[in-house]
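I have placed the structure first, in the form of structure tokens, so that the comments after it can refer back to it.
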Amino acid sequence: MRTRAEERWAVPVPVPVPDAVPETLPVPDGRRVDLWLLRCPEPGAPTGLLAGQGVPDVLDVRDVLDAAERKRAATLRRPADRALYVASHLALRTLLGAYLCVPAREVVLVREPCPGCGGPHGRPAVPGTPPPLHFSLSHSHGLALIGVASVPVGVDVQRVPGPGTVDACAPLLHPAERAELDRLPPGARPGAFAQLWARKEAYLKGIGTGLSRPASADYLGADTRSRPHGWTVTDLPRADAHTAAVAVLGTAPPAVRRLPVRLTSPHRLTSMHQAANDHEPTDQLAGQPEGTHEETA
């Protein structure tokens, strides 16, 4: 008879198709940013992408994800959230391996010093002084976005929230941002808020603070001339009722490559319960906008 932890992890999870990413990728040079967009189906949803590809029916996540990632996945109560988290982190490591010319399971990630206190719990990074590349990861309600660049970068994707979420979160914004939202008709506010919040989180992840820095501290509204100096923040086209943005260190607009990653049909993840035995699932999303399932990468 299976334990509760084993039951929790006996959930079909979509994973990236291994041959969807080239074995090697050039690190973006200059101002280019590579953006990889993943669409993750609900657990158990058939996709039919595996026919004839010879991908094994069982993926042992311990071969790729590290202990911290497995522990974080163990805290996510909803199967769809775990599916997206695991799939996006597998994709991230697959991509970083291609850029660094190493197998995904050999990708080493470290934590940068915290910009606030200097402790070893800042954003994830690849080791090196300077590092060979910079990356950022965001995921929200079935979509994940990964950005890779040769300079500090932040990305964010947000599902457009309901009016109640906008009303609850608006007081957290910069005063000029709140004024912009107040001038919009009610039907336009959720989309505008989602785009604004995507810009804000992309920038905060780019500078390395994430939401430990107050959301009201920086203006990321519609007036590009009033946004933080030294950074370029670009809105990305909407997809699947989501908004997205990328923030890059520097003042020239980035040249963006959008590279889709396919997902396999769902597979059962094995052995993850060993990372979760002592971790009851908890909801990590309290106090954040409705569309945010966020990483500090």
Side-chain angles (χ1 to χ4, degrees), residues 33-40 81 84-85 88 92 123 134-149 152-174 176-181 184 187-224 226-228 231-249 253-254 256-260 284-285 287-297:
V33 179
D34 283 354
L35 292 181
W36 296 73
L37 180 68
L38 295 85
R39 288 179 173 85
C40 187
D81 294 343
L84 181 58
Y85 179 92
S88 61
L92 173 65
R123 65 181 171 188
H134 298 262
F135 68 90
S136 182
L137 165 66
S138 176
H139 47 75
S140 173
H141 291 85
L143 278 186
L145 182 65
I146 298 169
V148 180
V153 60
V155 301
D156 191 67
V157 60
Q158 293 286 327
R159 187 174 71 172
V160 176
T165 299
V166 177
D167 293 340
C169 294
L172 303 175
L173 300 175
H174 187 280
E177 296 168 344
R178 295 200 303 270
E180 289 180 7
L181 285 179
L184 295 175
R189 295 183 73 219
F193 171 83
Q195 189 63 70
L196 167 62
W197 197 269
R199 291 187 210 118
K200 190 173 292 286
E201 288 215 38
Y203 170 70
L204 293 177
K205 287 193 284 185
I207 65 175
T209 64
L211 289 173
S212 66
R213 181 177 174 87
S216 61
D218 307 283
Y219 172 83
L220 275 300
D223 183 0
T224 58
S226 300
R227 294 176 187 172
W231 284 79
T232 301
V233 183
T234 303
D235 294 346
L236 301 175
R238 290 194 184 186
D240 299 348
H242 290 67
T243 61
V246 55
V248 189
L249 180 64
V256 176
R257 266 201 316 168
R258 297 177 186 86
L259 305 172
Q284 301 292 314
L285 308 181
Q288 294 190 28
E290 179 179 314
T292 302
H293 296 183
E294 219 19 82
E295 296 307 300
T296 56

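Throughout, numbering of the chain's residues begins at 1 and tracks the sequence.
With sequence neighbours excluded, the residues that form a side-chain contact (heavy atoms from CB on, under 4.5 Å) with Ala202 are Asp156, Ala245, Ala247. Residues forming a side-chain contact (heavy atoms from CB on, under 4.5 Å) with Ala176 (at least two apart in sequence, or on another chain): His174, Tyr219.
For Ala192 against Leu181, the heavy-atom pair with the smallest separation is CB-CD2, 3.9 Å. In plain terms, the two heavy atoms of Trp231 and Pro152 that are nearest each other are CZ3-O, 3.7 Å. The shortest heavy-atom contact between Leu204 and Ile207 is O-CG1, 3.4 Å. For Pro190 against Pro161, the heavy-atom pair with the smallest separation is CB-O, 3.3 Å. Contact record, Thr232 with Pro254: CG2-CD, 3.7 Å, taken as the closest heavy-atom pair. When every heavy atom of Arg178 is checked against every heavy atom of Leu173, the shortest pair comes out as NH1-O, 2.7 Å.
Rounding to the nearest 0.5 Å places CG of Leu236 at 11.0 Å from CZ of Arg199. Taking CZ from Arg159 and OG1 from Thr243, the interatomic distance works out to 11.5 Å, rounded to the nearest 0.5 Å. Atom CZ of Phe193 is separated from atom SG of Cys169 by 4.5 Å, given to the nearest 0.5 angstrom.
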Item to check | Verdict with reasoning, His134 to Leu249, per side chain to side chain contact (heavy atoms under 4.5 Å, CB included) | outcome: CA-CA 11 Å; His134 298 262; Leu249 180 64; over 6 Å; no
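Inter-residue side-chain proximity for Ser138 and Leu143 is flagged as unmet; no heavy-atom pair is nearer than 4.5 Å. Looking at heavy atoms from C-beta onward, Val155 lies in side-chain contact with Leu35 at the 4.5 angstrom threshold. No side-chain heavy atom of Leu145 sits less than 4.5 Å from a side-chain heavy atom of His242. At least one side-chain heavy atom of Val153 sits less than 4.5 Å from a side-chain heavy atom of Val246.
One finds no salt bridge joining Lys200 and Asp218 here, because no Lys/Arg side-chain nitrogen approaches an Asp/Glu carboxylate oxygen to under 4.0 Å.
Side chain of Arg213 to main chain of Gly208: no donor-acceptor pair is present (N/O by atom type, distance under 3.5 Å, no hydrogens or angles). Side-chain atoms of Arg189 never come within 3.5 Å of backbone atoms of Val166 as a donor-acceptor pair (strictly under, hydrogens ignored). Judged by distance alone, with hydrogens and angles left aside, the side-chain atoms of Glu177 form no donor-acceptor pair with the main-chain N or O of Leu196 at under 3.5 Å.
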